[in-house]
Amino acid sequence: MIDTIYVEKKIKNLKKTKDICKLVRPRNLIVCENYREVFNVKNQNFKIQKQKPALILAKKYKSFLNIVPKNFTIGGDENFYFSHMLNCIYDCRYCFLQGMLRSANYVIFINYKDFLKSIEEKIISSNAKNIHFFSGYDCDSLALEPISKFGKYMLKNLKKYPNIILEFRTKSTQINFLLKKIPHPNVVIAFSISPNEIINIYENKTPKLLKRLNAIKKLQAAGWKIGLRFDPIIYCENFKQIYKNFFELIFNLIDKNRVHSMTIGSFRMPKNFYTKISNLYPEKVDFFMHLKKDEQRVFYKKEVEDEILLFCRKSIEKYVDSSKLFINR
Ligand code: SF4
């Protein structure tokens, strides 16, 4: 799957680097000074690179944690997100990473202990009753777990902090390492899910809805806390019928009483990212109906966004307690 690994010279002899290289067994192993000299080169074609991305192993030096804006939380007193990776093995047409990053190559920052240190420092210095840490902003947090083993590392080291929630956000079904462990009460496995009608058009290479729901069922049966993330909700023809069937299927299949939290949010994106994606895939972006632009953002017209959020909120509340539902807007 991955033919080429670039490794920063200063980390090439570290155990983590060697472990990952042993698992991937690339045909080409190239040593570089700094990952940016490969990743940030101008005029790379994201679309072409996405067909065969290389993996870059690098060290991160700063900004391990970032603050989550209040309107994108699930009720924590303090909220931070972090990413041990850049980019993703999936290829969602609406993914903002295509607009934000110059390269489609994957980067794994292998100094996991520095992520852990930043999280632990935050826990120790904070007076908040509960702090939420969200993994997987610039990547899918579990899709490359068999290679990265980042989730396993974080679970092992953060289970001793009862006043935090650690969320792994994913569309993947890489859950075996979780099923082998006793569930941690402070960990939420949050699945991004969409109707198959949307997955088929926009979420290339991702597991289909039923596969994600089966992964959820297995995790629930094993006792793990599950989050459901309905974001972005895409407005489409037959929107109400498609999403009505979607919610009905989900809540009839999984244990709705044991859902930790849910979020809903309609599609929106910084304007410069959207422009870049429209140039990469003009044919697909046509499917985003009823969008509006201002100086900074692309988003649904207010009446459409209101309709989306109201319809989804009411549909979900038929099945699950509204106190578990958070609206991202
Ligand atoms: S799964 Fe998430 S990170 Fe990966 S391509 Fe899709 S939207 Fe982007």
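Atoms within each ligand, like the ligands themselves, are counted from 1 in listed order.
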ILVMFWY clustering at 4.5 Å (side-chain atoms), partners of Ile182: none
Residue and atom name of the nearest protein heavy atom (relative to atom 2 (Fe) of ligand 1), distance in Å to one decimal: Lys171 NZ, 3.7 Å
Donor-acceptor pair, side chain of Asn111 and main chain of Tyr61, under 3.5 angstrom: no
Exercise: do Asn245 and Gln241 side chains pair donor with acceptor under 3.5 Å: yes
Thr206 side chain to Arg212 side chain, donor-acceptor N/O pair below 3.5 angstrom: yes
Count of N, O or S atoms belonging to protein, less than 2.8 Å from atom 8 (Fe) of ligand 1: 1
Basic-acidic side-chain contact under 4.0 Å: Asp231, Arg329: no
Asn200 and Lys208 side chains, donor-acceptor separation under 3.5 Å: yes
